[in-house]
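Notes to accompany the following structure.
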There are 2 protein chains.
Amino acid sequence: MTATSKENPRKTKQKTARGRPRDTSKNKAIINAASRLFLEKGFDGTSMDDIAKRAGVSKQTVYSHFACKEVLCSEAISLAVKRYSPDTALENVEEHSLEADLRAVCDKFARLLLGDDSVAMANLLVTSAPKGLEFAKIYWNAGPQAMHGKLQEFLQHWIDQGALSIGNTSKAADLLSTLLKGKVHFLRSIGLIDTISEKQIQENVEDTVKIFLKLYGT
Amino acid sequence: MTATSKENPRKTKQKTARGRPRDTSKNKAIINAASRLFLEKGFDGTSMDDIAKRAGVSKQTVYSHFACKEVLCSEAISLAVKRYSPDTALENVEEHSLEADLRAVCDKFARLLLGDDSVAMANLLVTSAPKGLEFAKIYWNAGPQAMHGKLQEFLQHWIDQGALSIGNTSKAADLLSTLLKGKVHFLRSIGLIDTISEKQIQENVEDTVKIFLKLYGT
DNA sequence: GAATTACTGGACTAATGAGTCCAGATAACC
DNA sequence: GGTTATCTGGACTCATTAGTCCAGTAATTC
């Protein structure tokens, strides 16, 4: 059973709603609790009772808002991804120089990629890979894919300025992500380190910028 | 409870073994079955009954050889890592030229890093990160750490030859691993692609060699 | 007030899975 | 043969958990 095969119950609202209306604040509380718990403990490690309790709501209410665990997880992932959308990533880049701007962008994305929630999300997806291809798609499109687009935009700008010489911008953007994640992302994933330090992030950014400019700078 | 806190039962053998001796072939069968199942279905997804059945052995026998699931998994991981130890990775590198040899080494390691079992192992470790810090250590030391050493050796050779100019060989070796894994390793991990094609591997190798030589070649 | 729908809390079902127990068989040692 | 320890297969306990059911109560429309 895939996450999409079961819809949110009573999704289609009648024109004139009869009876007591759904409490939207409870709906939010449930998704929020689910989002935190799934990221914290993974899909299997989180029980519906836990979620109900954390949301301060009865279990029946959870099932009244969400058909099953998979659907709830799916929505929780959507929420978490939205919280981390890189919409603002390129906004206050102030176009000083290629190197300064590249560093600013890398810094922003490194913090996104290496943040606790980001790693937790990756782990959640790995854990649920068998049962949740849908989960991964939601994440990939709203997260890394969106970020990839922003990076390409950024690179194109400096290519047009003649400061970068790149054959394949898509690949170059991928390279940036790969370099920023580096080795620490994986180490954190498997629990060999339990926090990615500020220093480590800065080091990754510096290395990435240096490598990237050496490869593609004009 | 950590994996090391419970020892293999009856580990210490008396000088004169009394009674029926343990069947070592069954022991191997159990570890083998466990190794395949844990990699295939993860820690939680694999039941002790499954393992017993696949090993063609009774459940009691499993518990007679291994104290608990964690211990068995730990041994299964050790075995799997041994199967993939990169001992032979540098053997038939024939010292033609830096580029040819680097390509050969990268090819070998790429196949190691991106192979089905390697990705499955990474996923297993991610899944069991909370309960099994020990698992990750076993893996890291015998796998990536060993590989890292080999890579450094290799690089040092060509530094000595004057063909490479590298400030920090450890970091350079890390970079090689990171580049070889690239984006596909993660994509495969979260189930967005279900096999890493031959073509994809070769592309990763080519890109890595090109980038690496541009960065460090003299 | 009547009908309708939502929320609660707790009991309930059904499945799964780790680990134990036991009776009988088997293989080694003395 | 007697002793000791392993192996088998199946029954068993115990805990967890997804999902359901229900009786009572709260909110909203008509």
Side-chain angles (χ1 to χ4, degrees), chain A residues 1 3 5-6 8-30 33-34 37-38 41-74 76 128 131-132, chain B residues 1 3 5-30 33-34 37-38 41-74 76 127-128 131-132:
Chain A
M1 172 188 56
S5 69
K6 274 190 163 183
N8 190 327
R10 314 233 85 251
K11 193 181 183 178
T12 56
K13 293 193 176 172
Q14 286 94 348
K15 267 174 193 168
T16 49
R18 303 180 49 82
R20 180 176 175 173
R22 292 259 280 278
D23 190 334
T24 56
S25 77
K26 283 182 197 302
N27 192 298
K28 279 176 201 160
I30 294 167
L37 283 170
F38 280 130
K41 310 185 160 223
F43 186 83
D44 287 339
T46 301
S47 76
M48 294 298 263
D49 288 274
D50 287 346
I51 294 170
K53 186 178 281 182
R54 171 95 66 122
V57 136
S58 82
K59 194 173 162 180
Q60 184 67 348
T61 299
V62 174
Y63 278 100
S64 140
H65 285 251
F66 305 94
C68 65
K69 202 181 179 185
E70 276 83 4
V71 170
L72 178 51
C73 185
S74 169
S128 13
K131 54 179 146 296
Chain B
M1 174 190 52
S5 68
K6 273 189 163 181
E7 294 290 320
N8 190 329
R10 312 232 88 253
K11 193 181 183 177
T12 55
K13 292 192 178 174
Q14 286 93 350
K15 268 175 193 168
T16 49
R18 305 179 48 84
R20 180 176 177 174
R22 293 262 276 278
D23 190 335
T24 56
S25 76
K26 283 184 197 302
N27 192 297
K28 280 175 199 161
I30 295 168
L37 282 170
F38 280 130
K41 308 186 164 225
F43 186 84
D44 286 339
T46 300
S47 76
M48 294 298 263
D49 289 273
D50 287 346
I51 293 171
K53 187 177 280 182
R54 171 95 65 122
V57 135
S58 81
K59 193 176 168 179
Q60 184 66 345
T61 299
V62 174
Y63 278 101
S64 141
H65 285 250
F66 304 94
C68 65
K69 201 182 179 185
E70 276 84 5
V71 170
L72 178 51
C73 186
S74 169
T127 322
S128 14
K131 54 179 144 297

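Below, chain A is the first sequence line, B the second, and so on; all start at residue 1. Values in this document were obtained by computation on a predicted structure and should not be read as measured data.
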Sequence neighbours left out, what passes salt bridge (Lys or Arg N to Asp or Glu O under 4.0 Å) with B:Lys59? Give chain and number order.
-> B:Asp49
Given DNA chain D, 5'-ward residue of the pair B:Asp23 and A:Asp50, judged by closest heavy atom = B:Asp23
Short side-chain N/O contact to C:dC7 OP1/OP2 from A:Ser58, under 4.0 Å | no
Output the distance between atom NZ (A:Lys41) and atom OG (A:Ser47), rounded to the nearest 0.5 Å.
-> 8.5 Å
When you check the phosphate oxygens OP1 and OP2 of C:dC7, does a side-chain N or O of A:His65 lie under 4.0 Å from one of them?
-> yes
Residue set satisfying side chain to side chain contact (heavy atoms under 4.5 Å, CB included) with B:Ala76, at least two apart, ordered chain then number -> B:Ala34, B:Ser35, B:Phe38
Does B:Ser47 have a side-chain nitrogen or oxygen under 4.0 Å from the phosphate oxygens OP1 or OP2 of C:dT16?
-> no
Spacing between A:Arg22 atom CZ and D:dT29 atom P, to the nearest angstrom | 16 Å
Residue pair A:Phe43 / A:Lys69: nearest heavy atoms and the distance that separates them | O-NZ, 2.9 Å
For B:Arg54, check side chain to side chain contact (heavy atoms under 4.5 Å, CB included) against everything at least two apart and list the hits.
-> B:Ala33, B:Arg36, B:Leu37, B:Glu40
Check A:His65 against A:Asp23 and note the closest heavy-atom contact, atom names and distance.
-> CE1-O, 3.8 Å
Here the distance between atom C1' of C:dT16 and atom CG of B:Asp44, to the nearest Å, is 12 Å
What pairs of nitrogen or oxygen atoms, one from the protein and one from nucleotides 21-28 of chain C, lie under 3.5 Å apart?
from: C:dC21; atom 1: N4; to: B:Gln60; atom 2: OE1; distance (Å): 3.4
from: C:dT26; atom 1: O2; to: B:Arg20; atom 2: NH1; distance (Å): 2.9

What does the list of N/O pairs under 3.5 Å between the protein and nucleotides 12-14 of chain C look like, with a distance for each?
none

Which heavy atom in A:Ala55 sits nearest to a heavy atom in A:Ala29, and how many Å separate them?
-> CB-O, 3.7 Å
Of the listed nucleotides D:dG19, C:dG19, D:dC7, the one nearest the side chain of B:Lys69 | C:dG19
Ranking D:dT6, C:dA18, C:dC7 by distance to the side chain of B:Asp49, first place goes to C:dA18
Do the side-chain N or O atoms of B:Ser64 get closer than 4.0 angstrom to the phosphate oxygens (OP1, OP2) of D:dA5?
-> no
For the side chain of B:Val57, counting heavy atoms from C-beta on, which of D:dT8, C:dA6, D:dT17 is nearest?
-> D:dT8
Of all the nucleotides listed (C:dT8, C:dA18, D:dC7), which has the minimum atom distance to the side chain of B:Tyr63?
-> C:dA18
Please state how far atom CG in B:Leu37 lies from atom P in C:dA18, giving the value in whole angstrom units.
-> 12 Å
When rounded to the nearest 0.5 Å, the distance separating OG of A:Ser58 from NZ of A:Lys26 is 8.5 Å
Atom CD of B:Glu70 and atom P of C:dG17 are separated, to the nearest Å, by 15 Å
Nearest-Å distance for atom pair NZ/P, residues A:Lys53 and D:dT16 | 12 Å
Side-chain contact test, heavy atoms from C-beta onward, threshold under 4.5 Å: evaluate it for B:Ser64 versus B:Arg22 and give yes or no.
-> yes
Of all heavy-atom pairs linking B:Ile30 and B:Leu72, the shortest is CG2-CD1, 4.0 Å
In whole Å, what is the span from the CZ atom of B:Phe43 to the P atom of C:dT16?
-> 19 Å
